[in-house]
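Just below is one structure, and these are the notes that go with it.
FYI, the numbering just counts along the sequence from 1. Every value quoted in this text rests on a predicted model; they were computed, and no experiment measured them. Order of listing sets the numbers, starting from 1, for every ligand and every atom in it.
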Amino acid sequence: MKIVVAIGGSILIQKYDAKMFKAYADILKSLSEDNEIFVVVGGGKPARDYISVVRDLGCGEAQSDAIGIEVTRINAQLLLSALGDSAYQKVPVNFKEALEYSAFGKIIVMGGTEPAHSTDAVSAILAEYVKADLLINLTSVDGMYDKDPNKFEDAQLIKEITASDMMEFIKGKDVKAGTYEFFDMTAIQMIKRSSLDTVIANGNNPENLVKIMNGEDIGTKIISN
Ligand code: UTP
């Protein structure tokens, strides 16, 4: 299978240590024996920290996004370091480069591309671009809930949702640098228009990636309609 895996920055770099980079590198290496893998990594707290500095300097949203993008690329570079020879050792800065580099038959790791969206959108556009069979979004919660699980104890996990219903759900959510909410609109638009099979699951346990690849029913499935 050809898969695009988005790993939230808040998963990879919770503390400034190598633990999650190593854990994901081991799993990705083993999955890459039978699958073609593209990874998109997020910025996490380091991105938000840098964005708050650039805002304090009086820069606008697009410049703040640009700083966020640089940080996602640093995280991508860290994952490349963990993957070593199994990955193509250059971070693509756009989708064309990602496709070009994939000709070498190794794992591709990238971060952000352009201002005004999150790495969720990058992963969805990349999945379209390379015609992926599956898009896997690994985030800090078990999937999509009917309300914020960090705020409401009775939040219910949604096992399956159509792209259209998800679009309704996320309408009007925040779109400022560093604060793109749970899943951004661009991502869901790509999923809808290209009927991308998508799973959102908890990335705090890297083994969940293996479970999804084995067809286990975890997280939230987005079905196109
Ligand atoms: P992320 O997509 O990682 O956002 O990019 P996030 O909200 O921090 O998500 P987690 O914590 O990794 O899961 C960090 C910031 O970089 C900018 C945005 O400002 C985003 O909030 N960015 C990223 C872009 O402007 N364009 C991109 O393609 C990617």
Would you check the N or O atoms of [X], main chain and side chain alike, for any that come under 3.5 Å of an N or O of ligand 1?
| X | answer |
| --- | --- |
| Gly9 | yes |
| Gly44 | yes |
| Pro115 | no |
| Ser64 | no |
| Thr119 | yes |

I'd like to know if the side chain of [X] reaches the main chain of [Y], judged simply by a donor and an acceptor atom lying under 3.5 Å from each other, with no hydrogens or angles considered.
| X | Y | answer |
| --- | --- | --- |
| Glu36 | Gly105 | no |
| Lys45 | Ile13 | no |
| Asp133 | Lys2 | yes |
| Asn75 | Gly42 | yes |
| Asn202 | Asn204 | yes |

Practice item. Could I get the full list of salt bridge (Lys or Arg N to Asp or Glu O under 4.0 Å) partners for Asp148, not counting sequence neighbours? Key: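 If we apply the salt bridge (Lys or Arg N to Asp or Glu O under 4.0 Å) test to Asp148, skipping adjacent residues, the hits are Lys151.
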Check your understanding: Is the shortest distance from a heavy atom of Ile11 to ligand 1 less than 4.0 Å?
Key ->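 Ile11 does not count as a contact of ligand 1 under the 4.0 Å cut-off.
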Review point. Is it true that atom NZ of Lys159 has more than 12 heavy atoms of other residues, nucleotides or ligands lying nearer than 6.0 Å?
Key: yes
Check your understanding: Measuring from Ile200:CD1 to Ile218:CD1, what's the distance to the nearest 0.5 Å?
Key -> 12.0 Å
Can you list the ligand 1 atoms lying under 4.0 Å from a non-hydrogen atom of [X]?
| X | result |
| --- | --- |
| His117 | 18 (C), 22 (N), 23 (C), 24 (C), 25 (O), 26 (N), 27 (C), 28 (O), 29 (C) |
| Ala116 | 25 (O) |
| Gly112 | 27 (C), 28 (O), 29 (C) |
| Ile69 | 16 (O), 22 (N), 23 (C), 24 (C), 25 (O), 26 (N), 27 (C), 29 (C) |
| Gly42 | 3 (O), 12 (O) |

**Study point:** Of the listed options Glu61, Glu114, Gln14, closest to atom 27 (C) of ligand 1 (non-hydrogen atoms)
**Key:** Glu114
